[in-house]
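Hydrogens, waters and symmetry mates play no part in the numbers below; they use all other heavy atoms, side chains included. Since the model is a prediction, treat every value here as computed from it, not as a measurement. Throughout, numbering of the chain's residues begins at 1 and tracks the sequence.
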Amino acid sequence: MSQCLPVSAKMSKAKKVLDEARETQNRELDLVDKGLSSFEELPGLFNMSNITRLTLSHNKISVISPGIANLLNLEILNLSNNQLTELPVSLSSMPKLRILNVSINRLINLPRGFGAFPVLEVLDLSYNNLNEQVLPGNFFGMETLRALYLGDNDFEYIPKEVGQLKNLQILGLRDNDLLELPREVGDLVRLRELHIQNNRLQVLPPEVSQLDLLSNKSVMKMEENPWVNPIAEQYLLGISHVIEYLKTETYKIIYNRHMQAGRSGPPPPKADKSKKASRIRA
């Protein structure tokens, strides 16, 4: 219903939330589904430097004002389910931002220096239109990152620099166009969740077997991929069988042959993503 409100009504609803937060010194702002299309509908927001959490999900915001960086105490920013096509450079300079959720938007690129976040722990970029070509050079320099969600994008490859994320515990890559994973995934010694379902993967690097993906708290999802027969057969028996098989000399030979031959052969077909909500233009 909020989408049908006139601008004045939307602004008054949002202004009421801002006014109440100022009066009560509330450090958490909830502006979910307020029909907002612009930060201009939030007068004085960037002067509220005490805010630690800002939730703006389920609106129609297409541009984030660079002034958001004035919120020096902000720790959690949720802009999921909006209409963002780009992010401001200033975002990555926010000194206390720990959690950034910009999933379910229309992002087609990332700003230069995006990996400069000093303390970011959770980054959700899932369900956008991103690929390996648009990742800035320092993207994998976020050493504090514990969870990285890149699912539902257009990645065919993940750069080998992913191995630099030494504190990463969750890596979400489902529903992309991935043709291979880099061997450096094996360097993610703290990884406990790996989501690679619904891609175009035929083999896994043997280094995946070095990861702790079989404990009670670990998760590995790998269904809906065109695996080579030996992996497909082991997968029918369970993830533990796949992991053990990756350790064998037999598999290393299969993997090396596939990597040498596979790049010259035809890759598995891409999924049709033309009807994705992130592709629809308002």
For this session: List the steps and the verdict of side-chain contact (heavy atoms from CB on, under 4.5 Å) for N109 and F114.
Result: CA-CA 10 Å; N109 57 39; F114 186 74; over 6 Å; no

Hey, does [Y] have a side-chain heavy atom less than 4.5 Å from the side chain of [X]?
X    : Y    : answer
L188 : L165 : yes
L97  : F117 : yes
V185 : L204 : no
L42  : L29  : no

Could you pull out the closest heavy-atom pair between [X] and [Y], with the gap in Å?
X    : Y    : answer
L71  : M94  : O-CE, 3.6 Å
V89  : R112 : CG1-O, 4.0 Å
N256 : R183 : OD1-NH1, 3.7 Å
Q202 : P226 : CG-O, 3.3 Å

Same cluster or not: are [X] and [Y] linked, directly or through other Ile, Leu, Val, Met, Phe, Trp or Tyr residues, by side-chain heavy atoms under 4.5 angstrom apart?
X    : Y    : result
V102 : Y149 : no
I76  : L125 : no
V228 : M222 : yes
M259 : I196 : yes
V162 : V134 : yes

Exactly one of [options] should register a side-chain contact (heavy atoms from CB on, under 4.5 Å) with [X]. Which one does?
X    : options                : value
L31  : L45, L54, T55, I61     : L54
L171 : L148, I158, L145, L181 : L148
I104 : N81, L84, D152         : N81
Q234 : W227, Y245, Y251       : Y245

Assess, by modelled atom type and distance only, whether the side chains of [X] and [Y] contain a donor and an acceptor separated by less than 3.5 Å.
X    : Y    : value
S80  : N78  : yes
T24  : E20  : no
R174 : N198 : no

Exercise. Is there a donor-acceptor pair closer than 3.5 Å between any side-chain N or O of D177 and the backbone N or O of F155?
Worked result: no

Problem set entry | Test item: N59 side-chain N/O and S57 main-chain N/O as donor-acceptor pair under 3.5 Å | yes

Exercise. Rounded to the nearest 0.5 Å, how far does CD1 of I253 lie from NE2 of H258?
Worked result: 15.5 Å

Seminar exercise, completed: Rounding to 0.5 Å, atoms CD1 (I108) and CG (N153) come to a distance of 12.0 Å

For this session: Using the side-chain hydrogen bond (donor to acceptor under 3.5 Å, both in side chains) rule, collect all pairs that involve residues 90-102, keeping only residues at least two apart or in two chains.
Result: N73-K96, E75-R98, N101-S103

For this session: Apply side-chain contact (heavy atoms from CB on, under 4.5 Å) to the pair R192 and D212, showing each step before the final yes or no.
Result: CA-CA 6 Å; R192 296 297 178 270; D212 180 12; 3.5 Å; yes

For this session: Mind running salt bridge (charged side-chain N to carboxylate O under 4.0 Å, His left out) on R200 and E156 for me, showing each step along the way?
Result: CA-CA 8 Å; R200 300 155 74 198; E156 290 193 346; 3.2 Å; yes

A quick test of your reading: do over 12 heavy atoms of other residues, nucleotides or ligands sit less than 6.0 Å from [atom1] of [X]?
X    : atom1 : value
E143 : CD    : no
K160 : NZ    : no
R22  : CZ    : yes

Exercise. Who pairs with Y255 by ring pair (Phe, Tyr, Trp, His ring centres under 6.0 Å), at least two apart in sequence or on another chain?
Worked result: none

Exercise. Would D19 and K16 pass as an ion pair if we require N to O under 4.0 Å?
Worked result: no

